[in-house]
Amino acid sequence: MEGQAPITVRHGGAYQELYEELEADPILGLPSDFMTPKYNFDKPFKVCIGDHVLGDSMWYTDGSKMEEGVGAGVYGVKPKCSFSVSLGKLATVFQAELAAIRFCATEIEGK
């Protein structure tokens, strides 16, 4: 602002020297970049696993944990398929999610 003194940072001894070195570095003094996010929801690709083309398939996976235990589930809309698997009580939600994805991939591979 006009009429105000600039703010200066002062450190003692070695810290002051380091601060001055860093402040003088031409790379660190550059302004930061700003990019506006750009979203593209076009899907110009198909997922291929081996000889299978999955363009019309629709699959959902879920892993969850409750007091009763941990489980993983797979649901296929096209082709029709659904199953769930108990993973005991010690697995984490992350492990259940990964197990569901793996079960789904195995099921797709078998079709």
Side-chain angles (χ1 to χ4, degrees):
M1 290 187 152
E2 196 173 297
Q4 290 186 352
I7 298 173
T8 57
V9 178
R10 294 282 179 228
H11 302 282
Y15 291 115
Q16 180 65 33
E17 291 173 24
L18 179 61
Y19 177 79
E20 288 172 2
E21 277 181 45
L22 292 175
E23 191 177 41
D25 189 314
I27 299 294
L28 297 176
L30 293 174
S32 64
D33 292 337
F34 177 77
M35 293 180 66
T36 304
K38 182 178 177 182
Y39 302 101
N40 183 358
F41 295 105
D42 293 336
K43 197 169 69 169
F45 60 87
K46 286 189 175 189
V47 177
C48 298
I49 298 177
D51 296 334
H52 303 290
V53 177
L54 303 176
D56 293 335
S57 291
M58 190 179 305
W59 295 85
Y60 297 94
T61 61
D62 184 44
S64 59
K65 183 173 188 170
M66 298 180 0
E67 285 184 28
E68 298 83 25
V70 184
V74 175
Y75 179 77
V77 177
K78 188 177 179 185
K80 241 348 179 185
C81 173
S82 68
F83 61 91
S84 59
V85 178
S86 173
L87 301 174
K89 292 189 175 196
L90 301 177
T92 65
V93 174
F94 182 70
Q95 289 170 324
E97 294 283 357
L98 290 179
I101 293 168
R102 184 168 182 181
F103 293 143
C104 183
T106 301
E107 184 67 25
I108 292 169
E109 226 176 18
K111 298 251 180 241

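This chain uses plain numbering: 1 for the first residue, then up along the sequence.
Between Glu109 atom CD and Arg102 atom CZ the span is 10.0 Å, to the nearest 0.5 Å. Separation of atoms CG (Asp62) and CD1 (Ile101) is listed at 10.0 Å; rounding is to 0.5 Å.
Phe83 and Leu98 fall into different hydrophobic clusters, where Ile, Leu, Val, Met, Phe, Trp and Tyr side chains are chained together by heavy-atom contacts under 4.5 Å. Residues Leu87 and Met66 fall into different hydrophobic clusters, defined by Ile, Leu, Val, Met, Phe, Trp and Tyr side chains chained together at heavy-atom separations under 4.5 Å. The hydrophobic clustering, which links ILVMFWY residues whose side-chain heavy atoms are closer than 4.5 Å, places Val85 and Ile108 together.
In terms of heavy atoms, Thr61 sits closest to Cys104 at CG2-CB, 3.5 Å. Scanning all heavy atoms of the two residues, the minimum distance from Gly76 to Trp59 falls at CA-CE3, 3.6 Å. Across all their heavy atoms, Gly63 and Glu97 have their closest contact at O-OE2, 3.1 Å. Minimum heavy-atom separation, Lys89 to Glu68: CE-O, 3.4 Å. For the residue pair Ala96 and Val70, the shortest heavy atom distance occurs at CB-CG1, 3.6 Å. Closest of all the heavy-atom pairs between Pro79 and Ser57 is CD-OG, 4.1 Å.
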